[in-house]
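Every number for a ligand or one of its atoms is a count from 1 in the order of the listing.
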Amino acid sequence: MRKHIFNAGPCKLPDATLENTSKACLEFGASGQSIMEISHRSADFLSVYEQAIALFKEVLSVPSGYSVLFLGGGASMQFCMVPYNFLNKKAGYVNSGTWATTAIKEAKLWGEVVIVASSEADGFTYYPEFTVPQDVDYIHITSNNTIRGTELLKDIDSPVPLIADMSSDICSRPVDVSKYALIYAGCQKNLGPAGVTVVIIRDEFLKNVVTTRPIPTMLKYQTHVDKESMHNTPPCVNIFAVKETLQWIKSVGGVKEMERRAIERAKAIYDYLEDSNLFRAVVKAGSRSRMNIPFLLKEGREDLEKEFIDFTKTKNIVGIKGHRSVGGFRASTYNACTMDDVNVLLESMREFEKKYV
Ligand SMILES: *Cc1c(COP(=O)(O)O)cnc(C)c1O
């Protein structure tokens, strides 16, 4: 029986993605080959690749003058590639959570980092307000903080190139891509399996690449733009799966519909948490993520933590345990999460609450 999956990443994917990718793994079209076996240079695979790029551009309304890449290495590789390519003297970073902190650590290897704002002192329980400095090579933000459960939910105006890690909220709402110089996202939260990362880069921005140090070929954005993600063998199966998810997003109404669903799911969970006598929300109103919803037991009831996790298991719910660094619980409600999943979770929370309050 299929579980109600609230994993933080990898995570639940649409049935269509699972079904069509499974089929393609056995035989891709009528090629007599698996999508795992086919050459990435074959016309058949190139067509998959081109469809994935075209669908992504369409779904997220990527304007002309931008390149879209599918790379390996995860979002973590982008933590390194961004400063390696673009940190000349000084970069601004917003420290809004655990992943932002990791990105900052990497950037410091290549130049000066200005922490433009941080909510670290308050356990990252809100998205910090910030103004963008004028004297930095770029500003880096994390649009959704997967572990802490805060989200920016707007596309800011920036006087310097704006770079965003959108790993955990990509394609969950319409985005004004024209405001960004570069967006990257590991695909394993909203789009597909782990192992492929989407990068959207403004072609003009490539001119800002640093010239004071050599950049290894594989770490250079220009390499991947020039070779259309085919400098080396791309993650073919993953790209196929992402294409399927994009097709699904488009068929159900696009990112506008993804946003409507995300709002509906998050509202249901947060409304419950507001009224609950046993559970409480962690994140302050105004910063709450629609994708990752952390929650705790009320003070004095923390002893029930393991019991609740075990209880959710009996309800076919998985992935509700909070990140090991913060404890408590977290419901990750990415694109493929349904209201049925959410209702099952809320029913079990109500039932558990009745038992103990
Ligand atoms: C998951 C995640 C990462 C790390 O992604 P990898 O693909 O595992 O490197 C980075 N940033 C954010 C916001 C994430 O959610």
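Within 4.0 Å of ligand 1, contacts by protein heavy atoms are made from Gly74, Ala75, Ser76, Phe79, Trp99, Thr142, Asn144, Thr146, Asp165, Ser167, Ser168, Gln188, Lys189.
Within the structure, every pair that satisfies the side-chain hydrogen bond (donor to acceptor under 3.5 Å, both in side chains) test and touches residues 59-70, not counting sequence neighbours, is listed here: Tyr66-Arg202, Ser67-Asp203.
Salt bridge Lys250/Glu58: present, at least one basic N to carboxylate O contact under 4.0 Å.
Between Gly300 and Asp303, the closest heavy-atom pair is O-OD1, 3.6 Å.
Under a cutoff of 6.0 Å and an axis angle of 45°, Lys267 and Tyr270 do not form a cation-pi pair.
In terms of the ring pair (Phe, Tyr, Trp, His ring centres under 6.0 Å) criterion, residue partners of Phe308 (sequence neighbours excluded) are, by chain and number, Phe279, Phe329, Phe352.
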Show me the side-chain donor-acceptor pairs of residues 77-88 shorter than 3.5 Å, one per line, residues at least two apart or across chains.
residue : atom : partner : partner atom : Å
Gln78   : OE1  : Tyr221  : OH           : 2.5
Asn85   : OD1  : Tyr221  : N            : 3.3
Asn85   : ND2  : Met81   : O            : 2.8
Asn85   : ND2  : Leu219  : O            : 2.8

